[in-house]
Amino acid sequence: MIVPHLDAAYTLARYLLRDAEDARDAVQDACLRALKYMATFRGDDPRAWFMAIVRNTCHTRLSTRRRGDQATAFDEETHSPVDDAGGDELPPALHRIPPASVRDAVDALPIEFREAIILREIHGYSYSEIATVVGVPVGTVMSRLARARRRLRDVLGPRAGEGVRS
Amino acid sequence: MTCDEMTTLLDPFADGELDAAGVRRVSDHLAGCARCANDLRRIRELGTAIRREMPALAAPDEVRAHVEAAIRAVDAGSSAASEARPGRGSARRRARWAWFPAGRQASLAAAALVVAAGAAWQVGRVEARSGAEDAAMRDAVVASHIRSLQAGHLLDVASTDRHTVKPWFNGRVDFSPTVVDFQAQGFPLLGGRLDYLDGRAVAALAYGRARHVISVFVWPVAASDPSWESSSSLNGYHVRFWRAGGMNYWAVSDVADADLDAFVGLLKGT
């Protein structure tokens, strides 16, 4: 119940933590924890169980990061909408021209909104699967998603997404 | 229904989370309200833009190797513990997993085998099918194909772009079906949907051929199923079955036999 979901686990960790090295460590930690507790697993959805472990591992790392380095965390999360990922793709000046990229906008969302958007739009999970992974009621998932999308549209402007048809 | 009521229903509608009555109410409103229709379009375009800029990623090889080694270590640790065989390598492994009770280690090893089998976890049936079961499966596949056309539920994700269709299955089924567009060969990809066959969720892909539709159902082969193929017809529908790359494939359509064979040939060639 671990190996088939490694890619999904890494994708979640990478976009939640916004750091490739942190994501690698988080996925490995989560797998070891899953192996450790696998024998006690009694639910009917092993994937959601495993992904919840991945999600919780990421949350722990994020809060440790915030506690351990207040100034950096503050800087990262509040002052700059741009993180390391976008750094080498565009000259710095272009980052300031609105609208920001969709990825920047998602990265800037509060963690509760970000994880809902990632699990829904990238992983394609149903509301009830997201509820299991995140550990909140389905209604909360629904309202977080709606609010997250509204926020993204506000940040990205009325033209966001236009012409992005495939 | 008013536009205000729509604001709480539009997101679950876009996400396929409403029941049939809700879908009906929203659809009726959308037909007569350009503003809400535009909001829906923006929700969908936002999703497309997110997937474009933040694609699903593959776990780095080193992570995969690390995790597989950990699973092997659990496995090796359990046999080393039960046989109590001395040796430098096993001693080290034993030390690393010493915090595991021996019985727990054995069950973990079993669990790791289930991971390796992958499909067996869900399918749970590994014995070869009988002839009657094959016929029943063929009937179910044809019925599903017809039902998808009747109910207008041909597609959950309508797109000719395999880079849209393939990731759509990610998270909806526990495997990754091969999705290829054969537009150039006269079999354009129409999209995909989720279906339920053989007691499990399967991936269904729809391809066009002139005005006909070809449904392809894909799901993982149970571990010990033998490799074989079949070709048959039922009520004017032609059916092909084969296995490739650890997957069961069923193709159903009312196109000419030769067309279906050509299509199956393309799919097998990928």
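Below, chain A is the first sequence line, B the second, and so on; all start at residue 1.
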Report task. Identify, with sequence neighbours excluded, every residue that meets side chain to side chain donor-acceptor pair (under 3.5 Å) alongside A/Arg144. Result ->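 None.
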Requested in this report: Tell me, please, which residues at least two apart from B/Asp181 pass side chain to side chain donor-acceptor pair (under 3.5 Å).
Outcome: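 None.
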Query raised in the report: Does the A/Tyr15 side chain pair with the main chain of B/Pro55, one donor and one acceptor, at a distance under 3.5 Å?
Result: yes
Query raised in the report: Distance-only, no hydrogens or angles: does the A/Asp7 side chain make a donor-acceptor pair with backbone N or O of B/Ala59 under 3.5 Å?
Result: yes
Query raised in the report: Are more than 12 heavy atoms from other residues, nucleotides or ligands located less than 6.0 Å from atom CZ of B/Arg172?
Result: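 Counting other residues, nucleotides and ligands, CZ of B/Arg172 exceeds 12 neighbours.
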Requested in this report: State whether the number of non-hydrogen atoms from other residues, nucleotides or ligands found under 6.0 Å of B/Asp61 atom CG is greater than 12.
Outcome: no
Identify the heavy atoms of [X] and [Y] that sit nearest to each other, and give their distance.
X	Y	value
B/Asp11	A/Ala146	OD2-CB, 3.4 Å
A/Arg14	B/Leu57	CG-CD1, 3.4 Å
B/Thr8	A/Met142	O-SD, 4.4 Å

Query raised in the report: Between B/Arg51 and chain A, which part of the residue has a heavy atom less than 4.5 Å away: side chain, backbone, both or neither?
Result: side chain
Query - Proximal component of B/Glu68, with respect to chain A [non-hydrogen, under 4.5 Å] - result: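 Only the side chain of B/Glu68 comes within 4.5 Å of chain A.
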Query raised in the report: So which of B/Gly16, B/Pro167, B/Pro12, B/Ser176 has the biggest tally of heavy-atom pairs under 4.5 Å with chain A?
Result: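 The residue among B/Gly16, B/Pro167, B/Pro12, B/Ser176 with the greatest pair count is B/Pro12.
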Nearest 0.5 angstrom please: [X] [atom1] to [Y] [atom2], how far?
X	Y	atom1	atom2	result
A/Ile118	B/Ile50	CD1	CD1	9.0 Å
B/Arg44	A/Arg149	CZ	CZ	10.0 Å
A/Asp104	B/Glu53	CG	CD	7.5 Å
B/His66	A/Gln28	NE2	CD	4.5 Å
B/Arg64	A/Cys31	CZ	SG	9.5 Å

Query raised in the report: Does any heavy atom of chain B fall under 4.5 Å from the side chain of A/Ile117, the backbone, both, or neither of them?
Result: side chain
**Report entry** Inter-chain contacts: residues 125-140 of chain A against chain B, heavy atoms under 4.5 Å
**Finding:** A/Tyr125, A/Ser126, A/Tyr127, A/Glu129
Could you check if a side-chain atom of [X] sits within less than 4.5 angstrom of a side-chain atom of [Y], using non-hydrogen atoms only?
X	Y	value
B/Asp15	A/Arg120	yes
A/Arg153	B/Ile43	yes
A/His123	B/Asn170	no

Query raised in the report: Can you tell which of A/Val106, A/Leu145, A/Asp25, A/Leu119 has the highest number of heavy-atom pairs within less than 4.5 Å of chain B?
Result: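 If we count pairs closer than 4.5 Å to chain B, A/Val106 comes out on top.
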Query raised in the report: Which ring pair (Phe, Tyr, Trp, His ring centres under 6.0 Å) pairs, counting each pair once, include a residue from residues 160-181 of chain B, with sequence neighbours left out?
Result: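 Qualifying pairs, neighbours excluded: none.
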